[in-house]
Protein chains: 4
Amino acid sequence: MAWQNDSIMARKGLAKGERGKEYTITETEQGKYHYVYGPYVKPVLTVDPGAVVSAETHDAFEGAIKHETDSPSKILNFPFLNPQNGPIHVNGAEKGDVLAVYIESIVPRGPQPCGTTVVMPDFGGLVSTGQTALLNPALPERVKKLVIDAKTGTKWNDKITLPYEPFIGTIGTSPEIEAISSLVPDYYGGNMDLPDVGVGAVIYLPVNTKGALLYLGDCHAAQGDGELCGVAIEHPTVTTVQIDLIKGWTIAWPRLETKEFIMTIGSARPMEDAARIAYRELCRWMAADYGFDEIDAYMLLTQAGRMRVGNMVDPKYTLGASIKKSFLV
Amino acid sequence: MAWQNDSIMARKGLAKGERGKEYTITETEQGKYHYVYGPYVKPVLTVDPGAVVSAETHDAFEGAIKHETDSPSKILNFPFLNPQNGPIHVNGAEKGDVLAVYIESIVPRGPQPCGTTVVMPDFGGLVSTGQTALLNPALPERVKKLVIDAKTGTKWNDKITLPYEPFIGTIGTSPEIEAISSLVPDYYGGNMDLPDVGVGAVIYLPVNTKGALLYLGDCHAAQGDGELCGVAIEHPTVTTVQIDLIKGWTIAWPRLETKEFIMTIGSARPMEDAARIAYRELCRWMAADYGFDEIDAYMLLTQAGRMRVGNMVDPKYTLGASIKKSFLV
Amino acid sequence: MAWQNDSIMARKGLAKGERGKEYTITETEQGKYHYVYGPYVKPVLTVDPGAVVSAETHDAFEGAIKHETDSPSKILNFPFLNPQNGPIHVNGAEKGDVLAVYIESIVPRGPQPCGTTVVMPDFGGLVSTGQTALLNPALPERVKKLVIDAKTGTKWNDKITLPYEPFIGTIGTSPEIEAISSLVPDYYGGNMDLPDVGVGAVIYLPVNTKGALLYLGDCHAAQGDGELCGVAIEHPTVTTVQIDLIKGWTIAWPRLETKEFIMTIGSARPMEDAARIAYRELCRWMAADYGFDEIDAYMLLTQAGRMRVGNMVDPKYTLGASIKKSFLV
Amino acid sequence: MAWQNDSIMARKGLAKGERGKEYTITETEQGKYHYVYGPYVKPVLTVDPGAVVSAETHDAFEGAIKHETDSPSKILNFPFLNPQNGPIHVNGAEKGDVLAVYIESIVPRGPQPCGTTVVMPDFGGLVSTGQTALLNPALPERVKKLVIDAKTGTKWNDKITLPYEPFIGTIGTSPEIEAISSLVPDYYGGNMDLPDVGVGAVIYLPVNTKGALLYLGDCHAAQGDGELCGVAIEHPTVTTVQIDLIKGWTIAWPRLETKEFIMTIGSARPMEDAARIAYRELCRWMAADYGFDEIDAYMLLTQAGRMRVGNMVDPKYTLGASIKKSFLV
């Protein structure tokens with residue numbers, strides 16, 4: 001941690017952004033993985049702020065798609081998709097606080113080819129779906145199994161190798177009384193599929209219930225903006241995060257910090273509503289913490305804001321609005 | 001029941017659409033009302049198909065808004081809104097079945113003025129909201145308390161009286177593993193706010209989990225298309241429904257039947273996706289059960305389909321697509 | 001004209017809603033039909049307020065689809081679609097005025113079968129299109145030719161006859177400096193495909209340029225809400241309208257009046273934006289002309305507003321929001 | 001031109017990407033600027049492929065906003081906004097061809113402060129507008145006048161200086177028969193407000209009518225993703241472009257090429273439709289010209305596609321989808 005010493009996590013967190021006790025959540029320790037973000041299950045782990053947790057994540061298909069000849073539509077059993085580790089109960093966390101999660105490392109695990117991407121019916125950004133419900137015939141299914149090397153990247157074919165740029169596809173806290181499918185992104189995080197949630201970033205998540213109940217899973221070895229066909233390079237990993245707790249900071253939607261920028265994250269449909277949420281939160285953040293008046297922030301973002309399209313395929317679309325820290329002077 | 005003797009409920013239901021045993025769910029029997037549609041609570045009642053249940057419903061604010069001088073934004077405690085009766089466990093119901101619910105009567109209850117409608121910040125069809133997130137200042141709050149008479153209607157002001165056209169704003173089955181806010185409409189029903197779900201209609205709901213777990217509440221004394229400001233004439237009632245179970249009929253979204261028409265109901269954002277869902281389901285229904293090929297159905301609905309806008313204010317918008325039975329020959 | 005004597009047209013129009021001089025626009029008189037709404041062509045007719053004009057309209061395909069074996073995608077020559085009669089220059093009309101158009105009669109013309117509807121690639125409410133641009137394969141094309149009888153209706157097949165409920169699919173004034181495809185609906189009218197624009201109604205159109213330049217065409221013998229596959233029962237007609245001019249009444253979007261209700265019409269994407277436009281205009285109208293304060297109007301429409309989905313297939317979707325005159329007391 | 005020697009423009013253009021004859025369009029030579037993209041005016045210039053044209057562009061307000069105390073809503077005269085240079089008739093261009101435009105340089109002109117940005121009522125990404133039509137009160141107007149230095153950038157305030165990253169906000173060819181407001185982006189280009197249309201890029205535009213009729217204007221000194229408040233740093237410039245013509249290459253939407261990537265550009269509402277258009281066009285391009293099958297392209301873009309949000313404020317939103325050339329092997 002270098003810039004992190006000056007991060008919001010370091011400045012406001014109860015553990016001051018320091019690494020505390022280390023934990024693992026192996027497959028065995030996790031036992032049953034979860035398919036909803038909710039408060040109705042027992043925590044797999046209870047930790048203090050500062051805890052560093054290494055979790056063995058499954059891929060989004062829980063490893064069920066093993067061969068390029070497999071048929072996803074026959075194998076997959078909705079709604080038992082996108083298995084999540086957790087929940088992790090963080091001592092002292094209460095509704096109205098913020099959980100800060102620094103993403104320390106993501107390492108592929110399991111036998112090769114450990115990467116999977118598929119085209120399947122009724123899902124994806126350029127096909128008729130259950131929501132954009134049309135009468136056109138479906139595309140044929142297709143599966144690609146991929147060898148992932150954390151150093152050299154993912155071999156797509158003989159000519160193309162994609163760099164290994166891993167991130168956490170799904171991470172968030174529990175809603176207060178709802179239990180929402182891990183396929184959904186919303187105000188508490190969830191299936192945002194936003195590549196900025198990668199190694200070296202800190203994500204800030206609203207706490208909605210006692211103990212925060214952090215879930216995570218669904219790591220991607222690489223992903224383009226929008227996760228176009230709906231399935232990135234899914235892979236099982238060991239993912240290590242450092243968890244801190246910020247009392248007295250209430251946020252409406254997830255926020256993110258890197259060395260270079262701060263970002264707000266919105267998830268909604270239509271896509272412009274996700275963009276509006278993200279940018280409005282950023283205006284409000286700049287006004288609350290960086291000395292701008294709200295309309296000044298609005299005008300400056302017009303000239304210097306950046307927008308990242310996380311996913312355009314999930315039940316809600318996710319966009320991140322950011323501004324460089326160098327403008328927050 | 002007259003036309004109902006030839007309804008799908010009568011023809012396919014285990015109880016053949018006959019009234020069975022009668023039950024009540026008084027406020028006392030209900031005890032704690034529910035704010036999510038989910039499988040994580042005990043049923044308040046377990047019944048056989050044919051059961052007739054009279055439930056004392058609360059209004060969407062659980063009676064908390066009593067005077068026109070009240071401030072909704074101060075009184076209401078999100079997410080504890082839109083209290084629901086239930087769940088009712090229906091014996092024999094399993095994932096893949098359909099619950100048929102005939103709406104027998106809706107009667108206002110409680111001290112007058114028992115009707116409430118409000119304009120409140122960040123909610124409504126013509127204002128900035130948490131999803132269509134803008135920087136404009138909010139409208140002022142406003143509360144109207146209204147005397148409702150089941151015969152003469154609701155007195156709006158000295159000049160205008162609105163006819164009493166009650167319906168169930170929120171009704172549905174439990175998702176399989178999710179527990180979703182009762183403010184949300186989706187494939188299992190929920191907060192559809194569709195005036196066609198009124199006295200004399202049969203609604204067909206997909207069963208997603210054992211026992212179906214029927215919830216209902218949020219009755220409206222009247223409502224325009226779209227529920228424009230987000231709050232219809234909310235009122236507490238005694239609502240009586242007759243429940244039947246159809247085995248071996250799997251539907252993806254709620255359907256509805258009256259003497260005159262059949263309807264399919266879709267909930268999504270943007271609004272066109274709700275319309276697409278509703279119309280695609282209707283094409284498929286006409287193809288599966290009424291002898292049309294799917295493209296014929298598509299072409300006939302182009303000339304004879306009807307579209308009702310239920311709500312344009314909830315987390316998903318709800319639209320119903322219908323066709324007269326006289327065209328289903 | 002009975003109720004019309006008390007219509008806004010009668011009360012505010014320069015001709016007081018009286019029938020004036022009669023004109024025809026036969027196919028020959030029209031000569032070249034138009035495919036854009038714009039100010040860059042010569043008027044086919046110049047009239048005073050009160051004029052009654054009978055126009056020989058073409059169907060939306062200009063008669064090019066003659067047989068059920070025809071291939072629309074081969075025959076049709078985009079953008080030369082949806083031919084319009086006009087423009088009609090109305091003396092005295094200036095930017096900021098309103099053109100009132102009473103629809104007196106619509107009569108089918110031409111050899112039978114004079115009705116046409118089709119399913120064609122990349123167009124329609126339940127298929128991938130040029131805007132909702134997906135990779136799914138297209139549906140097969142299909143053409144239906146239909147015999148239309150103004151008294152008995154349109155014979156759909158041996159079992160189904162659709163009542164003759166004709167209306168003007170496309171009608172509007174010229175934009176000030178734009179020339180927009182006659183396939184588009186917008187603030188000046190155009191291809192709204194709203195069944196309320198039928199015989200006996202008065203439509204009010206904003207005047208954007210000198211002479212107003214009224215265009216019309218694209219009459220439908222019947223249409224369901226949304227014009228689902230994109231093509232209603234298209235037919236050539238003799239359509240007769242009475243034109244009046246209202247000075248000093250500036251409106252932002254088309255409005256409509258019948259014996260029973262007043263309606264405002266919005267066209268936009270996504271569909272909720274069309275609904276918002278329509279309802280906001282209705283709030284404003286009720287506030288300006290009927291003694292409501294804007295929030296009162298908003299609250300009353302929540303209980304008593306009606307929403308009609310005109311089209312969900314054109315470049316912009318069209319919705320009409322209405323309220324019964326009996327509530328405007 | 002270095003990489004440009006291997007650009008599509010160089011390989012396919014009639015002038016082989018070579019600089020030809022040089023022209024100017026000074027304010028005087030332009031005379032009347034244009035507010036629509038259409039075929040109904042005389043070209044200001046007729047050139048052969050290869051022509052290099054330096055145009056004196058106005059800012060989007062035609063210089064009318066001179067002081068920070070000015071009121072945009074009083075000064076601006078809709079629809080006479082966003083003045084355009086042109087049209088330029090390119091000899092030999094016919095419907096179905098492509099115009100290639102290399103952006104050679106953009107230089108600020110005029111007295112300082114030559115930059116302008118404003119917040120004005122009913123326009124912008126985080127406010128109620130004419131399309132997202134709400135009842136909330138408007139934000140106050142605000143004007144910022146800015147000194148722009150092509151070397152050091154734009155001084156925002158005492159602490160913040162924005163780098164000079166100029167691009168052409170509005171550029172395109174004429175539609176075939178329509179004349180569309182220069183505020184609108186669409187298939188022919190227009191008001192895309194996409195920062196990638198900057199110095200050093202080549203934009204490819206579909207030719208819809210004889211001579212192509214190229215318009216351009218509305219240069220921005222800097223802009224964030226989405227052009228959030230609707231008004232970037234607008235400034236008058238001398239903009240120099242090199243024009244080439246590609247016969248026998250038909251494209252449906254604008255495309256763009258830089259040293260690093262190729263991009264497709266879609267404009268639509270809701271925003272996901274713009275994203276779908278852009279990505280579908282990119283799939284098709286990769287299939288047509290780079291040896292991918294369409295589903296392979298779809299899957300690779302899922303992992304490696306990039307999405308740029310141009311504007312989220314104009315009548316249609318504009319997004320660009322891109323892929324690095326290094327993946328097109």
Side-chain angles (χ1 to χ4, degrees), chain B residues 117-119 124-127 132 139-140 142 144 146 154 156-157 159-160 162 220-233 269-276 279-280 283 294-296 298-309 312-313 317 319 321-323 326-329, chain C residues 117-119 124-127 132 139-140 142 144 146 154 156-157 159-160 162 220-233 269-276 279-280 283 294-296 298-309 312-313 317 319 321-323 326-329:
Chain B
T117 186
V118 315
V119 168
L126 293 184
V127 296
T132 301
L139 292 185
R142 190 175 297 186
K144 274 180 91 85
L146 298 154
T154 301
W156 184 260
N157 60 27
K159 296 176 184 167
I160 300 173
L162 298 162
H220 298 170
Q223 188 198 292
D225 295 346
E227 200 186 15
L228 187 60
C229 81
V231 185
I233 299 177
R269 289 192 178 205
M271 196 185 280
E272 53 265 39
D273 273 1
R276 287 162 172 158
Y279 263 134
R280 184 171 79 171
C283 287
E294 207 167 85
I295 295 179
D296 274 348
Y298 182 42
M299 295 181 89
L300 179 58
L301 288 172
T302 304
Q303 319 313 335
R306 290 291 170 259
M307 181 59 78
R308 185 79 177 267
V309 178
M312 53 181 276
V313 294
Y317 305 133
L319 275 69
S322 64
I323 186 164
S326 58
F327 290 123
L328 300 175
V329 287
Chain C
T117 185
V118 314
V119 169
L126 293 183
V127 297
T132 301
L139 292 185
R142 191 177 295 186
K144 274 180 91 85
L146 298 153
T154 302
W156 184 259
N157 60 27
K159 295 176 184 168
I160 300 172
L162 299 162
H220 297 170
Q223 188 198 292
D225 295 346
E227 200 186 17
L228 188 60
C229 81
V231 185
I233 299 177
R269 288 193 179 205
M271 195 185 281
E272 54 264 39
D273 273 0
R276 287 161 171 159
Y279 263 134
R280 184 170 79 171
C283 287
E294 207 168 85
I295 295 179
D296 274 347
Y298 182 41
M299 294 182 90
L300 179 59
L301 289 172
T302 304
Q303 320 311 335
R306 290 291 169 259
M307 181 60 77
R308 185 78 176 268
V309 178
M312 53 180 276
V313 293
Y317 306 133
L319 275 69
S322 63
I323 187 164
S326 57
F327 290 123
L328 301 174
V329 286

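Reminder, nothing fancy here: chain letters follow the sequence lines and each chain counts from 1.
In this structure, chain B has a heavy atom under 4.5 Å from the side chain of C/Tyr317, while its backbone stays farther away. For C/Val313, no part sits under 4.5 Å from any heavy atom of chain B, backbone or side chain. Contacts of C/Leu300 with chain B are made by both backbone and side-chain atoms, with heavy-atom separations under 4.5 Å. If you measure heavy-atom distances from C/Val309 to chain B, the contacts under 4.5 Å come from the side chain alone. Contacts of C/Leu139 with chain B are made by side-chain atoms alone, with heavy-atom separations under 4.5 Å and no backbone atom involved. When heavy atoms are compared at a cutoff of 4.5 Å, C/Thr132 approaches chain B solely by way of its side chain, counted from C-beta outward.
Ranked by heavy-atom pairs shorter than 4.5 Å toward chain C, the options B/Gln223, B/Glu272, B/Lys159 are led by B/Glu272. Heavy-atom pairs under 4.5 Å with chain C peak, among B/Thr154, B/Val231, B/Asn157, at B/Val231. Between chain B and the options C/His220, C/Met312, C/Arg308, C/Met299, heavy-atom pairs under 4.5 Å are most frequent for C/Met299. Contacts with chain B were tallied for C/Val329, C/Leu126, C/Leu319; C/Leu126 has the most, counting heavy-atom pairs under 4.5 Å. Among the candidates C/Thr117, C/Leu162, C/Ile295, the residue making the largest number of heavy-atom pairs closer than 4.5 Å to chain B is C/Ile295. Between chain B and the options C/Gly305, C/Cys229, C/Gly230, C/Ala232, the largest number of non-hydrogen pairs under 4.5 Å is found for C/Cys229.
When every heavy atom of C/Gln303 is checked against every heavy atom of B/Ala222, the shortest pair comes out as OE1-O, 3.5 Å. When all heavy atoms of C/Asp225 and B/Tyr279 are compared, the pair lying nearest together is O-OH, 2.7 Å.
Listed by chain and residue number, B/Asp273 satisfy the salt bridge (Lys or Arg N to Asp or Glu O under 4.0 Å) test with B/Arg276 (two or more places apart in sequence, or in another chain). B/Arg142 is linked by a side chain to side chain donor-acceptor pair (under 3.5 Å) to C/Asp293, C/Asp296, counting only residues two or more places apart in sequence or in another chain.
Rounding to the nearest 0.5 Å places CG of B/Leu328 at 7.5 Å from CD1 of C/Ile160.
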